[in-house]
Amino acid sequence: MDRRSLWVFFFLFSGFWVVSFSDHDGFLSLTCGGTTNFTDASGVSWIPDSEYISSGNISTITYTDSNSSSTVSARYFPFSRGRKCYRIPVKNESSLVLVRAQFVYKNYDGLGKPPAFSVSLGTAIVGSVDLAKNDPLAEEFVWPISKETLSFCLLGVRRKGSPVISSLEVRPLPQGAYTSGMEDFPNKSLRKNHRINCGYTNGSLRYPLDPYDRIWDSDQSFTPFHVSTGLKIQVSFNGSASIMESPPAAILQSARVLARREVLTYNLPLDTLGDYYIILYFAGILPVFPSFDVMINGEVVQSNYTLKTSEVSALYFTREGVKSLNITLKSGSFYPQVNGIEVYEIIDIPPEASSTTVSALQVIQQSTGLDLGWEDDPCSPSSWDHIGCEGSLVTSLELPNINLRSISPTFGDLLDLKTLDLHNTSLTGEIQNLGSLQRLEKLNMSFNRLTSFGSDLENLVSLQILDLQHNKLQGTVPDSLGELEDLHLLNLENNSLQGALPPSLNRESLEVRTSGNLCLSFSAMSCNDVSSNPSSIETPQVTIFSKKQHTSSGYDHLAIILAVTGGALLALLCLSLAIFLYVRKKRSADEVAYTQRVAVDIRNWNSAKVFTHKEIKAATNNFKEVIGRGSFGSVYFGKLKDGKLVAVKVRFDKSQLGADSFVNEVCLLSQIRHQNLVSLEGFCYESKQQILVYEYLPGGSLAEHLYGPNSRKISLSWVRRLKIAVDAAKGLDYLHNGSEPRIIHRDVKCSNILLDVEMNAKVCDFGLSKQVTQADATHVTTVVKGTAGYLDPEYYSTQQLTEKSDVYSFGVVLLELICGREPLTHSGTPDSFNLVLWAKPYLQAGAFEIVDDSLKGTFDIVSMRKAALVAVRSVERDASRRPTIAQVLAELKEAYSIQLAYLASRDI
């Protein structure tokens, strides 16, 4: 083939290469601050950026560079605080994109103060822009796609001016590109430092010569030796398909070649000290086989590297902790050459916060009614306002002076919290929904209207500081606070507490502040009389600190004070005692009369049996065996005179209802009779006791079988799990549709599904249940109650309770039965912490690898699919998209029948 034919063939080949890759679908080119669409000289379409960002001012910038006068639009963010983000949809098919942005200042505002700011992609801060040093400035990144939306943000720096951006481009890259040689750098992105078209001196090359619109700069700025010219270009490049980066033909056709057997060197400046990724491209465009050593910063990284005619190859290297780059090709035989060089800084991509945490925080933001600017990841690239992080874990949440009104169960999903500040947030009622925060060290709920300690505080085993000052806490301080071994400051000032402090709080390492209460002391006798008539004496100002050494003069001073006040206090205490005895006697008489009236009323209902407190003590052997605990109190094992086994639920003081409310609850529970609901056997209401007596189910709870300490999961086959689900659904269906008034359970969970000896299931514990008294009512507005992990997200964001709230909770139970794991966990990857968020996409796709290992190989696929789909529909975030419990029951019955038929066919 003569030289002329060779060139003709080459250009035909090059044209095919460009055309076959020139479809620029997936390109997105934004003129930031622009208002019109246009197509540039390369055929790339540009559009305004307004669809992709919702803030910022716009301006037009005119400036003159070394070549020409330019006019560009720009978007700037005055008084920028936090992140200003572009949200760009990307195609999932592309696992990698090129992101390029241009920043221009050119004194458009006349202030002569070029800004400095940071740039982030996803969770990573990928670059710093300082327009005082370079104006204009272009930055380019190679970013791995993991979501359908790409977040590109500008992060303002205090007193460094307004971030400004002129253009933003996104280009899909070849799948698998820019990964060779990066095995030691997982989960990284790349920031371009250099992309060099070696041997080319006539400006830059990009689209359409590079179908991926990478910009290749000429190498004349780097002063290597001897540009090669007039080289014969080979017709084809064997092996080019193996290079995932697909370098374009226009780059491969030119090379920097050494004319003699010497050393070819590139000295490439680097922006920062860091880790770098280097790619060298070679094409055999000469009719010889050059061989040479490749050296980086004086170290031989590839020896005797040989190029073959008509072949394309590449070398990949990484270098850690370097601040300059010297690439040298040292001649071995013939002429060292290189066709292209790419150099990237390796940028770490921080892990994302768990989806459970993000979801919980977004619900909390919604409940405040405020726009807190909580979007994307709470920790990276910078933490949200009011949020503190350690790595990807949210460890601090501070929301003072925001009107929360209640502590919603979603707070219980923030499992990594160490600090929680909710002071002056209008909280009322009892402290609740915090029991799962076992890493919590500092809790501030001061200056609210809380009235009860609740039972969650005893679970906060890491708590060091508890600030409850200026609330309306009543009654006594619970003993459980003294069991918090790490607690060193307890502030109870200015509440309505009284009585003896738990002795366990009287330790040297703990400071207890109690001033402004009725009477709090470690001496029980000093507060006994006051508790009966708190208005009889002036509120004492007492503060108790940790034990310290005092001088003798301090004791003398204390003795004088006691001597002066002792007489007056004694007189007041005597008067209080007399009043207390009179009031107690009258109150006892009233209680006896009321209890007798209640007993008569309940007997007239022909319902549950009325037990005396003496009978309850005898049945429980003086409350000897505890079989359960909850926020209401404890449950004891009992045996009645007739030999019937019972579970005795004793409410502790703070969970007791008013007398009328208790009577109404007993009336309600007495009327509920269904084979799949635990029945009420009787009650006791005397001696300040509210006691409910239920039938005893010896099989324990479903939760104990799935993951209790003596878990019997292995005995829960798929058909048995379906039978339990059907039984529980029947019980709930009766509450929703078979009783009048309708009843919403409000606390459906595995621990409230009990099993008898034959593994039949019954739903128990209607302590939180809510009646729907109006036949046409669609919801009940009520304070949020329930258990974290099971709670309907729509309910706790709107406080509107419906039967669909029970359906959501039951859907979580179904997921537990399928996957064999709890709703909330802190093991595994962050995305698996929340069962609903983790399991839903798998089951929707029919991916049953997440099914409980003990079930695998034992279930019919159709049966599992039917149960899985109804579970997924039940936990839809939008309640209107969930089925009714009757529909759930029908689907589960079908799944159960299919599994029975499957087992029968296997037996045959």
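One-based numbering along the sequence shown. Excluded from the calculations below are hydrogen atoms, water molecules and symmetry mates; all remaining heavy atoms, backbone and side chain alike, are included.
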TODO: Please report the closest heavy-atom contact between A867 and L892, naming both atoms and the distance.
DONE: CB-CD2, 4.5 Å

- [ ] Give a yes or no on whether a salt bridge exists between K840 and E876, defined as a side-chain N under 4.0 angstrom from a carboxylate O.
- [x] yes

Open item on the list: When you compare the side chain of V813 with that of Y790, does any pair of heavy atoms fall below 4.5 Å?
Closed with: yes

Task: D860 (side chain) donor-acceptor with S863 (main chain) under 3.5 angstrom - done: yes

Open item on the list: Can you tell me if Y842 has over 12 outside heavy atoms packed within less than 6.0 Å of its OH?
Closed with: no

Open item on the list: With heavy-atom distances below 4.5 Å as the criterion, would you say the side chains of L706 and C750 are in contact?
Closed with: yes

Open item on the list: With a 3.5 Å distance limit and no angle check, can you tell me whether E894 reaches the backbone of E891 through a side-chain donor-acceptor pair?
Closed with: no

Task: Test side-chain contact (heavy atoms from CB on, under 4.5 Å) applied to T620 and F637, step by step - done: CA-CA 6 Å; T620 59; F637 174 74; over 6 Å; no

Open item on the list: Side chains of L443 and L434, heavy atoms from C-beta outward: is any pair under 4.5 Å?
Closed with: yes

Task: Rounded distance [0.5 Å steps], OG in S701 versus CD1 in I753 - done: 9.0 Å

TODO: Indicate yes or no: at least one non-hydrogen side-chain atom of V851 is less than 4.5 angstrom from one of I818.
DONE: yes

Open item on the list: Measuring from atom NZ of K649 to atom CD of Q690, what distance do you get when rounded to the nearest 0.5 angstrom?
Closed with: 10.5 Å

Task: Between CZ on residue R439 and CG on residue L415, distance to nearest 0.5 Å - done: 7.5 Å

Open item on the list: Less than 4.0 angstrom from a charged side-chain N to a carboxylate O is my criterion; do E794 and K804 meet it?
Closed with: no

Task: I898 CD1 to K866 NZ distance, which is reported to the nearest 0.5 Å - done: 5.5 Å

Task: Donor-acceptor under 3.5 Å (D792 side chain, Y808 main chain) - done: no

TODO: Side-chain contact test, heavy atoms from C-beta onward, threshold under 4.5 Å: evaluate it for N433 versus L791 and give yes or no.
DONE: no

Open item on the list: Measuring only between side-chain heavy atoms, which start at C-beta, is D852 closer than 4.5 Å to R721?
Closed with: yes

Open item on the list: Can you tell me how far apart CG (L437) and OG (S462) are? Round to the nearest 0.5 Å.
Closed with: 10.5 Å

- [ ] Taking H745 for its side chain and C764 for its backbone only, find out whether a donor-acceptor pair lies under 3.5 Å.
- [x] yes

Open item on the list: Under a 3.5 Å distance rule, please check whether S679 uses its side chain to pair with a backbone N or O of R673 as donor and acceptor.
Closed with: no

TODO: List the atom of E695, the atom of E681, and the distance in Å for their closest heavy-atom pair.
DONE: N-CG, 3.6 Å

Open item on the list: Can a donor-acceptor pair be found, under 3.5 Å and without considering hydrogens, that links the side chain of N676 to the backbone of Y734?
Closed with: no

TODO: For the residue pair R865 and L869, establish whether any side-chain heavy-atom pair is separated by less than 4.5 Å.
DONE: yes

Open item on the list: Donor-acceptor pair, distance only, cut-off 3.5 Å: does the side chain of E352 make one with the backbone of S392?
Closed with: no

Task: Side-chain heavy atoms of I616 within contact of V650, under 4.5 Å - done: no

- [ ] Indicate the atoms forming the closest heavy-atom contact of A619 with L640, along with that distance.
- [x] CB-CD2, 4.2 Å

Task: Ion pair D853/K856, N-O distance below 4.0 Å - done: yes

Task: Main-chain N/O of I691 paired to H613 side chain as donor or acceptor, under 3.5 Å - done: no

Task: side-chain contact (heavy atoms from CB on, under 4.5 Å) between L414 and L420, intermediate numbers included - done: CA-CA 10 Å; L414 304 176; L420 178 59; 6.0 Å; no

Open item on the list: Other residues, nucleotides and ligands only: do more than 12 of their heavy atoms fall within 6.0 Å of NZ on K639?
Closed with: no

Open item on the list: Looking at Q844, I want to see if its CD is surrounded by more than 12 non-hydrogen atoms of other residues, nucleotides or ligands under 6.0 Å.
Closed with: yes

Task: Residue pair A647 / Y696: nearest heavy atoms and the distance that separates them - done: N-CB, 4.0 Å

- [ ] Mind running side-chain contact (heavy atoms from CB on, under 4.5 Å) on I407 and D456 for me, showing each step along the way?
- [x] CA-CA 12 Å; I407 309 169; D456 281 359; over 6 Å; no

Task: Over all atoms of both residues, closest heavy-atom pair of V726 and L889 - done: O-CD1, 3.7 Å

Task: Minimum heavy-atom distance L817-W718, with the two atoms named - done: O-CZ3, 4.4 Å

Open item on the list: Tell me whether the rings of Y636 and F623 are parallel (<30°), tilted (30 to 60°) or perpendicular (>60°).
Closed with: perpendicular

Open item on the list: Donor-acceptor pair, distance only, cut-off 3.5 Å: does the side chain of N622 make one with the backbone of K624?
Closed with: no

Open item on the list: Show, in sequence, the C-alpha distance, side-chain angles and deciding distance for M759 and L716, and conclude whether the side-chain contact (heavy atoms from CB on, under 4.5 Å) test is met.
Closed with: CA-CA 10 Å; M759 299 296 283; L716 285 182; 3.7 Å; yes

Open item on the list: Could you check whether any side-chain N or O of D733 sits under 3.5 Å from a backbone N or O of I885, counting only pairs where one atom can act as donor and the other as acceptor?
Closed with: no

TODO: Please round to the nearest 0.5 Å and tell me the distance separating atom CG of N752 and atom CZ of R746.
DONE: 13.0 Å

Open item on the list: Using a 6.0 Å cut-off, check whether atom NZ of K617 has over 12 heavy atoms from anything other than its own residue.
Closed with: no

